[in-house]
Amino acid sequence: MPANPAGKTPQDRPRKQPEELRSHRWYGANDLRAFGHRSRTAQMGYSRADYAGKPVVAIINTWSDINPCHSHFRQRAEEVKRGIWQAGGFPVEMPAMSLSEPFQKPTTMLYRNLLAMETEELLRSYPADGCVLLGGCDKTTPALLMGALAMDLPTLFVPAGPMLRGNWNGVTLGSGSDTWKYWAELRAGNITEQDWQGIEDGIARSPGHCMTMGTASTMTAVVEAIGMCLSGASSIPAPDSRHAQMASLSGRHIVEMVWQDLKPSEIVTPAAIDNGVRTALALSGSTNAIVHLIALARRAGHALSLDRYDELARSTPVLANIRPSGQYLMEDFYYAGGLRAMLAQMGDLLDTGTLTVDGRTLGENLAGARVFNDDVIRARDKPLVASDGLAVLRGNLAPDGAVIKPPAAQQDLLRHTGRAVVFRDYNDMAARIDDPALDIDATCVIVLQNAGPQGAPGMPEWGQLPIPQKLLKQGVRDMVRISDARMSGTSYGACVLHVAPESYVGGPLAFVRDGDLIELDVPARKLNLLISDDEMARRRAAWVAPMPKFERGYGKLYLRHVSQADKGCDFDFLEPVDAREDGEPEIH
Ligand code: FES
């Protein structure tokens with residue numbers, strides 16, 4: 001088992017004394033300021049016996065009336081508090097901004113770093129000895145953890161849990177994936193407006209995050225594999241009574257973590273990050289996880305490169321048969337044994353000696369995990385896909401990398417050369433994509449520029465570029481599509497994403513013109529614009545930088561400091577000082 005620097009396991013090391021608690025500086029001193037803190041705590045109805053000498057645990061709650069994925073978090077916060085009280089701690093709930101994927105425009109990604117900053121500063125400025133993070137909807141998971149990693153107090157994540165399966169006329173519906181699918185069918189005239197209304201009412205029918213293998217399911221599983229939530233927590237459906245039990249247990253456990261002084265810096269090691277990457281790959285998880293894992297790793301002081309991601313992808317089979325790459329949904333995954341069962345199947349692909357929040361190793365937590373449906377969670381010798389759940393591409397069109405999710409694409413498109421049809425930005429695409437006069441056929445390559453971290457801004461999930469209506473009506477359902485945007489984890493198709501550097505800052509994607517030939521070769525990991533170096537240089541010299549999109553406020557801060565996709569889109573000033581001074585933290 002991993003040991004702390006004193007050579008002790010978390011359970012064996014000397015426990016913190018009450019006077020050593022961070023909150024003692026607020027509550028324990030015999031001075032005027034501590035009097036103020038105590039009198040104002042009394043104002044809220046607490047007596048000294050409620051908090052004196054006890055760990056103060058901040059519950060960072062991203063509940064909001066406009067976040068349907070977190071609508072149960074008011075109740076879950078109460079269950080976490082119950083556990084904290086039971087274990088002899090003092091719970092303090094602190095609301096933080098909610099990044100509601102369906103509602104926040106232009107994209108929640110623009111605000112991931114803001115929630116990370118808010119989390120860090122809430123923990124820094126208040127008397128927190130440890131924290132429980134309530135998140136799950138896409139960007140909330142990485143944001144909360146990025147902030148908590150920066151503060152490095154004992155931290156435990158409570159994942160929101162997936163919602164129940166969708167249902168319409170007896171058909172099982174998956175978040176996102178079936179939205180895109182039936183939208184295409186509606187545009188092609190294959191379903192009616194009445195059908196579409198029925199789908200609208202039945203596709204999201206309980207609290208919880210998207211139940212396909214989107215960013216939410218991927219990132220909460222990654223957090224569990226890294227060791228930052230209780231073992232088995234991430235797969236429990238949000239409305240299941242076992243989810244409430246897990247919340248209460250998390251509350252009891254964080255108090256013990258504070259006494260043990262068990263911090264994220266002991267848990268989020270390079271080996272744990274590799275476990276997170278392998279897990280995302282075995283799930284055929286969202287491409288967004290790459291950006292978030294890179295950002296999380298860098299916050300922990302361990303750089304994760306795109307090439308390391310690709311290296312691990314070449315030897316990681318896809319074991320989870322979950323949409324959009326597979327057939328089932330998260331509810332099925334839970335009944336089949338959940339993430340613990342899948343991690344157990346992964347065996348020696350994982351480093352099972354890594355430490356987790358409960359003070360045990362990942363391997364100890366996986367002991368006895370069983371698969372109850374081997375079609376949902378596949379054995380290593382019967383994978384859904386043998387390897388390459390994700391591929392990193394390079395070439396003159398993406399010198400710093402681009403990504404594609406091969407299992408989610410029409411397979412004959414993975415090696416394809418086609419004529420570019422270029423849209424200069426999202427509005428240009430929206431205005432022209434369905435124009436019957438657009439010169440395009442199924443062999444063309446659709447290119448969207450200015451959709452990256454600075455160009456959009458916020459790198460929205462526009463990467464599943466729409467197929468023109470006239471081609472949909474001909475039966476075309478996939479084409480090669482290239483952008484510097486991200487794509488929802490619930491999306492699918494031969495979509496090349498995260499092209500870096502982005503077009504807005506003068507990356508080569510900015511220089512593509514209608515009619516150019518583009519070569520995509522996923523097995524060879526290549527993405528090239530088939531023009532000469534001289535022509536590329538001519539176009540670069542003629543390129544004029546666009547006007548900044550923000551002149552003031554948070555948007556201006558974002559544009560000035562956000563990094564490119566291959567660096568995790570974090571703010572330069574939020575990364576550890578070592579990372580900034582060296583340019584690159586240690587690569588593993
Ligand atoms: Fe919240 Fe998909 S909308 S996870």
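Counting all heavy atoms, side chain and backbone alike, H243 lies closest to G161 at NE2-N, 3.7 Å. Shortest non-hydrogen contact noted between S64 and S98 is CB-CB, 3.4 Å. K405 approaches G285 most closely through the heavy-atom pair NZ-O, 3.2 Å. Residue P55 comes nearest to V255 through the heavy atom pair CG-CG1, 4.0 Å, listed as atom of the first residue, atom of the second, then distance. Across all their heavy atoms, F333 and S235 have their closest contact at CE2-OG, 3.9 Å. Taking every heavy atom of both residues into account, C569 and V291 meet most closely at SG-CG1, 4.0 Å.
For R112 and T108, the side-chain atoms include no donor-acceptor pair closer than 3.5 Å. For the residue pair S284 and S325, a side-chain donor N or O sits within less than 3.5 Å of a side-chain acceptor on the partner.
The pair K567-D572 does not count as a salt bridge, with every side-chain nitrogen at least 4.0 angstrom from each carboxylate oxygen. Looking at E101 and R486, no side-chain N of the basic residue comes within less than 4.0 Å of a carboxylate O on the acidic one, giving no salt bridge. No salt bridge links D307 with R525; every basic N to acidic carboxylate O contact stays at or beyond 4.0 Å. Checked for salt-bridge contact, E256 and R15 meet the test: a charged N lies under 4.0 Å from a carboxylate O. Contact check on R242 versus D240 returns a salt bridge, with a Lys/Arg side-chain nitrogen under 4.0 Å from an Asp/Glu carboxylate oxygen. A salt bridge is absent between D351 and R278: the closest approach of a Lys/Arg side-chain nitrogen to an acidic carboxylate oxygen does not fall below 4.0 angstrom.
The 12-atom threshold is not exceeded at CZ of R48, counting heavy atoms of other residues, nucleotides or ligands nearer than 6.0 Å. In F372, the CZ atom is crowded: over 12 heavy atoms of neighbouring residues, nucleotides or ligands sit closer than 6.0 Å.
Aromatic ring centres of Y27 and Y51 lie closer together than 6.0 Å.
With a 4.5 Å cut-off on side-chain heavy atoms, M94 and L123 do not count as touching. Residues D375 and Y328 have side chains in contact (heavy-atom distance under 4.5 Å, counting atoms from C-beta outward). Contact annotation: the side chain of L262 approaches that of L355 to within less than 4.5 Å [non-hydrogen atoms, C-beta and beyond]. Within the 4.5 Å cutoff, no side-chain heavy atoms of W63 are placed close to those of N67. Taking the side chain as every heavy atom from C-beta outward, P95 and N61 never approach each other to under 4.5 Å. Between Q345 and V371, some side-chain heavy-atom pair lies under the 4.5 Å cut-off. Contact of the P383 side chain with the V318 side chain is not registered, since no non-hydrogen atoms from C-beta on lie closer than 4.5 Å. Side-chain contact check for Q104 versus M97: some heavy-atom pair is nearer than 4.5 Å.
Ring-plane geometry between F90 and Y46 is classed as perpendicular, the angle between the planes exceeding 60 degrees on a 0 to 90 degree scale with a lower cut at 30. The aromatic rings of Y558 and F571 sit perpendicular, their planes meeting at an angle over 60°, well past the 30° parallel limit. Taking the six-membered ring where the residue is Trp, H70 and F73 present tilted rings, their angle falling between 30° and 60°.
Checking side-chain atoms of R380 against main-chain N and O of M346 turns up a donor-acceptor pair under 3.5 Å. Q11 places a side-chain N or O within donor-acceptor distance of the main-chain N or O of G359, the cut-off being under 3.5 Å. Put simply, the side chain of S175 gets close to the backbone of M211: a donor and an acceptor are under 3.5 Å apart. S206 contributes no side-chain N or O that, together with a main-chain N or O of M163, makes up a donor-acceptor pair within less than 3.5 Å. Side-chain atoms of H209 never come within 3.5 Å of backbone atoms of T215 as a donor-acceptor pair (strictly under, hydrogens ignored). In this structure, the side chain of H253 does not engage the main chain of L230 through any donor-acceptor pair within 3.5 Å. No donor-acceptor pair closer than 3.5 Å links the side chain of T141 to the backbone N or O of G135. In this structure a side-chain-to-backbone donor-acceptor pair under 3.5 Å is missing from R378 to P317. Between the side chain of K263 and the backbone N or O of M257, no donor-acceptor pair lies under 3.5 Å. The main-chain N or O of H24 is never found under 3.5 Å from a side-chain atom of D129 such that the two would form a donor-acceptor pair.
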*asked:* Using the rule given for side-chain contact (heavy atoms from CB on, under 4.5 Å), can you reason through N288 versus T218, listing the C-alpha separation, both sets of side-chain angles and the distance that settles it, and then say yes or no?
replied: CA-CA 9 Å; N288 289 326; T218 308; over 6 Å; no
_Check against side-chain hydrogen bond (donor to acceptor under 3.5 Å, both in side chains), N365 and T356_ = CA-CA 9 Å; N365 283 334; T356 72; 3.0 Å; yes
*For R314 and D388, what are the C-alpha separation, side-chain angles and deciding distance, and is it a side-chain contact (heavy atoms from CB on, under 4.5 Å)?*
CA-CA 5 Å; R314 289 173 190 262; D388 294 351; 3.7 Å; yes
_Chi angles and distances behind the side-chain contact (heavy atoms from CB on, under 4.5 Å) call for L574, R299_ = CA-CA 8 Å; L574 291 178; R299 285 288 184 113; 3.2 Å; yes
*Pair L156-L133, side-chain contact (heavy atoms from CB on, under 4.5 Å): steps then yes or no*: CA-CA 6 Å; L156 201 156; L133 311 172; over 6 Å; no
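Rounding to the nearest 0.5 Å places CD of E79 at 9.5 Å from CD of Q245. One finds the CD atom of E93 at 9.5 Å from the CD1 atom of I60 (value rounded to the nearest 0.5 Å). Here the OG1-CD distance, from T316 to E311, works out to 10.0 Å after rounding to the nearest 0.5 Å. The CE atom of M459 sits 10.0 Å away from atom OG1 of T107, with the distance rounded to the nearest 0.5 Å. A distance of 12.0 Å separates CD1 in I254 from CG in L249, rounded to the nearest 0.5 Å. The NE2 atom of H498 lies 11.0 Å from the CG atom of D566; values are rounded to the nearest 0.5 Å.
Residues meeting the side chain to side chain donor-acceptor pair (under 3.5 Å) test with S234, sequence neighbours left out: E224.
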